[in-house]
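We number each residue from 1, following the sequence as shown.
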Amino acid sequence: MTLKTVAVMVATLTLLAGCGGPPKKKMLTVTGTVTYKGQQLKSGVIKFLAPNGDFATATINSDGKFIMTEVVPGEQKVAYVGGPVSVGSSDTGTRGGGAGATAVAVPAKFNDPQTSGATVTVPESGGEVTVALN
């Protein structure tokens with residue numbers, strides 16, 4: 001092998017090593033609330049499904065808010081799976097959602113992002129979103 005051939009091979013390998021595959025997706029964090037017919041939901045799990053198949057999930061806290069990480073920006077289909085207001089007790093006085101808390105009955109069609117009909121747009125910069133199930 002000549003010095004010129006070795007130099008060309010090294011340069012080629014260096015260029016190939018720099019091509020580390022497809023560019024990384026932009027992943028964001030969003031916060032938000034979920035409502036069903038105007039009533040804020042205070043339990044359950046929310047799921048976003050992007051057109052490319054990426055999905056992200058978050059638990060809705062007792063204060064009615066969720067924090068979802070690793071979400072791609074853009075239009076998302078939404079699914080919601082309900083959760084109990086109080087766990088392990090029938091006492092609604094002090095556990096779960098607090099005094100007078102009642103679960104909101106959300107139809108089963110919202111369990112699947114393909115049938116829910118609900119969508120949300122995740123801003124390019126992340127931030128806050130409101131999910132309205134109707």
Side-chain angles (χ1 to χ4, degrees):
M1 273 195 193
T2 67
L3 184 59
K4 186 176 181 182
T5 305
V6 171
V8 169
M9 288 176 65
V10 169
T12 302
L13 289 174
T14 302
L15 287 173
L16 290 175
C19 299
K24 293 190 179 203
K25 296 177 206 170
K26 183 174 186 177
M27 302 301 261
L28 306 167
T29 297
V30 294
T31 60
T33 57
V34 183
T35 62
Y36 174 65
K37 293 190 175 183
Q39 286 190 283
Q40 187 171 357
L41 302 179
K42 297 188 179 201
S43 65
V45 175
I46 193 79
K47 177 179 180 178
F48 291 176
L49 175 65
N52 68 357
D54 285 348
F55 69 92
T57 62
T59 301
I60 301 169
N61 297 315
S62 61
D63 66 357
K65 298 187 182 286
F66 67 86
I67 300 172
M68 187 179 290
T69 59
E70 298 187 14
V71 183
V72 295
E75 186 83 7
Q76 311 274 331
K77 291 182 180 181
V78 175
Y80 166 79
V81 178
V85 171
S86 60
V87 179
S89 172
S90 60
D91 176 16
T92 58
T94 58
R95 297 181 188 227
T102 57
V104 176
V106 178
K109 78 172 191 166
F110 291 105
N111 293 348
D112 184 344
Q114 303 298 348
T115 62
S116 74
T119 61
V120 68
T121 301
V122 174
E124 286 288 329
S125 60
E128 192 161 332
V129 296
T130 300
V131 178
L133 307 175
N134 294 309

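Taking each heavy atom of Thr59 and Phe66 in turn, the nearest pair found is O-CB, 3.5 Å. Closest of all the heavy-atom pairs between Ala118 and Ala132 is CB-O, 4.4 Å. Taking every heavy atom of both residues into account, Glu124 and Leu28 meet most closely at O-CD2, 3.5 Å. Scanning all heavy atoms of the two residues, the minimum distance from Gly38 to Thr35 falls at C-CB, 4.2 Å. Across all non-hydrogen atoms, the minimal contact from Ala79 to Asn111 is CB-O, 3.7 Å.
The stretch residues 55-65 participates, sequence neighbours left out, in no salt bridge (charged side-chain N to carboxylate O under 4.0 Å, His left out) pair at all. Identified under the ring pair (Phe, Tyr, Trp, His ring centres under 6.0 Å) test for residues 111-134, with sequence neighbours left out: none. Residues in residues 30-57 take part in these ring pair (Phe, Tyr, Trp, His ring centres under 6.0 Å) pairs, two or more places apart or across chains: Tyr36-Phe110. Within the structure, salt bridge (charged side-chain N to carboxylate O under 4.0 Å, His left out) contacts touching residues 111-121 (residues at least two apart or in different chains) do not occur. Within the structure, salt bridge (charged side-chain N to carboxylate O under 4.0 Å, His left out) pairs that include any residue of residues 29-38 do not occur (at least two apart or interchain).
Scanning for side-chain hydrogen bond (donor to acceptor under 3.5 Å, both in side chains) contacts around Thr119 gives Glu75, with sequence neighbours left out. Listed by chain and residue number, nothing satisfies the side-chain hydrogen bond (donor to acceptor under 3.5 Å, both in side chains) test with Glu128 (two or more places apart in sequence, or in another chain). Under the side-chain hydrogen bond (donor to acceptor under 3.5 Å, both in side chains) criterion, Asp54 pairs with Lys25, Asn52, sequence neighbours left out. Not counting sequence neighbours, the partners of Lys77 by the side-chain hydrogen bond (donor to acceptor under 3.5 Å, both in side chains) test are Gln114.
Grouped with Val45 in a hydrophobic cluster is no other residue, since no side-chain heavy-atom contact under 4.5 Å to another Ile, Leu, Val, Met, Phe, Trp or Tyr is found.
A distance-only check finds a donor-acceptor pair linking the side chain of Thr115 to the backbone of Lys109 [under 3.5 Å].
Here the side chains of Val72 and Met27 are in contact, with some heavy-atom distance below 4.5 Å. Using a 4.5 Å heavy-atom threshold, the side chains of Val34 and Val78 count as separate. A heavy-atom distance below 4.5 Å is not found between the side chains of Tyr80 and Val131.
Both Val30 and Ile60 are part of a single hydrophobic cluster, where members link through side-chain heavy atoms under 4.5 Å apart.
The local environment of CD in Gln40 is crowded, with over 12 non-hydrogen atoms from other residues, nucleotides or ligands closer than 6.0 Å.
Between the CD1 atom in Ile46 and the CG atom in Leu133 there is a gap of 5.5 Å [rounded to 0.5 Å]. Atoms NZ and CE, from Lys47 and Met68 in turn, are 10.0 Å apart once rounded to the nearest 0.5 Å.
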